[in-house]
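Counting starts at 1 for both ligands and their atoms, in listed order. The model shown is predicted, which means the values in this text are computed figures rather than measured ones.
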Amino acid sequence: MPASFEATLDWAGARDATDPLRAFRDEFMIPPHEGRDGRLSDSVYFCGNSLGLQPRAVREAVNAELDYWGELGVEGHFKGRLPWMDYHEFVRDDLAAIVGAQPTEVVTMNTLGVNLHLMMVSFYRPTAERPAILIEAGTFPTDRYAVESQIRFHGFDPATALIELPSDEPNGTTSLAAIERALAEHGSRIALVLLPGVQYRTGQAFDLEAITALGHKHGCTVGFDLAHAVGNLPLQLHDSGADFAIWCSYKYLNSGPGAVGGAFVHERHAQAVLPRFAGWWGHDKTTRFQMGPEFHPTPGADGWQLSNPPILALAPLRVSLEIFRRAGMARLREKSLALTGYLEWLVNTQLADVLEVVTPAEAERRGAQLSIRVTGGRERGRELFAYLMDHGIIGDWREPDVIRISPAPLYNRFADCLVFAEAVSKWSRGG
Ligand SMILES: Cc1ncc(COP(=O)(O)O)c(C=O)c1O
């Protein structure tokens, strides 16, 4: 594939013109950038790994629910095009398709951090012999804080019950062999393995099926934080055998700041009597409104719900998932591979003296994101980052020294990657 790339606007423009997904860009609001001359143009937005862009149809969808509320009041739970009573079910099938799960294995609720805790209530059951949780050393702070607090909550000491797997590869990535070694060494003490689908700082994608098989071989439960994987990589959660997974919807799922998160619970736990924190919305739907004192969970992931869902927050997710349904994860991944491959090729062939890609080069070990280090150290990195932002090229910075650039196949173009490369080149020549 790289042989066919060219670092010219003609090439990038022609590639964009024949992109079968090109029309989707028009369905998104591209934030404007004001140039030095005061003129507005589309920014080059590479930050879908942090906050995805707003689908244009969101406003109407949210307004429709506001209208129903105004016109129907409480009756909106039962009337309207999509009655609120069952609203979370309207997003279920599309979500299940995106994460490769059965519809009853997924639920939209809360936020990622809350869902992580709720899942650990059920799936982290430490004993004196098996008290530990395995995470990766560079894990996202929420995951670290959450597991540490759960360990303490159960009366154990993180000093001995939190096992942090150090990266074993240059650039801070982690091999499957390292996970295997950690499990061989500590497996009999590990209650839960919690790893990311895509690592937030390096952009490394993990092999969920292989990790699950390893964890289960050692008698551990296995869960995944899919914040950076959902809507980015095609996932096969059911087939992976993972016990649970959690994610947020504001990154590649484009559902808005603080959007409702999601959770996956494998089918084999659907009927299991597991400890859990309960609320009325998790109660069996068929008898929920009998308002009985005893909690009988709805079988499947729905049984972990606590509260009736936030309709105004679910409306954007519904719109966004409908876009994913039309685009299809397979086609999105195909474009993503080419788009991120082009960005990588530009960096490696045009900017090798300035930038270094941290993210693994193998396609199966990454998603859309490239994590990029600037040669010359952190201060130069900060300088380039500020220059890019100033020129309307939006990525994000992760300490200590990484710029994350994530071409999103729904709205980014090959020409965007070229604009990025040309800006870096200009900066390196003194701006
Ligand atoms: C990998 C990862 N885990 C957890 C979180 C926290 O998510 P939330 O604030 O929605 O709980 C984030 C947020 O960006 C994240 O990137």
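Nearest to atom 11 (O) of ligand 1 among the protein's heavy atoms is G113 N, 2.8 Å. Ranking protein heavy atoms by distance to atom 14 (O) of ligand 1, first place goes to K251 NZ, 2.8 Å. Counting protein heavy atoms only, atom 6 (C) of ligand 1 is closest to F140 CE2, 3.7 Å.
Y342 and F5 have tilted rings, their planes meeting at an angle from 30° to 60° on a 0 to 90° scale. The aromatic rings of Y200 and H228 sit tilted, their planes meeting at an angle between 30° and 60°.
No part of L116 comes within 4.0 Å of ligand 1, judged by heavy-atom distances.
Listed for the S336 side chain is no donor-acceptor partner under 3.5 Å among the backbone atoms of E334.
Of the polar atoms of Y250, at least one N or O is found under 3.5 Å from an N or O of ligand 1, judged by distance alone. The distance criterion of under 3.5 Å between nitrogen or oxygen atoms is met by H228 with respect to ligand 1. Ligand 1 has an N or O atom lying under 3.5 Å from an N or O atom of D225, backbone or side chain. In terms of polar-atom proximity, C248 is not counted as a contact of ligand 1, lacking any N or O under 3.5 Å from an N or O of the ligand.
Below 4.0 Å from some heavy atom of D143 lie the following atoms of ligand 1, by number and element: 3 (N), 4 (C). The distance from ligand 1 to the heavy atoms of A227 drops below 4.0 Å at these ligand atoms: 1 (C), 2 (C), 15 (C), 16 (O).
Here the OG-CD distance, from S371 to E356, works out to 11.0 Å after rounding to the nearest 0.5 Å.
H88 and D302 share a side-chain donor-acceptor pair at under 3.5 Å. A donor-acceptor pair shorter than 3.5 Å can be found between the side chains of S175 and D168.
Among N110, L112, N49, the residue whose heavy atom sits closest to atom 4 (C) of ligand 1 is L112.
Evaluated for a side-chain contact (heavy atoms from CB on, under 4.5 Å) with D401, the options E379, R382, R373 yield exactly one hit, R373.
Cation-pi geometry between R404 and W397 is not met at under 6.0 angstrom from the ring centre and within 45 degrees of the axis.
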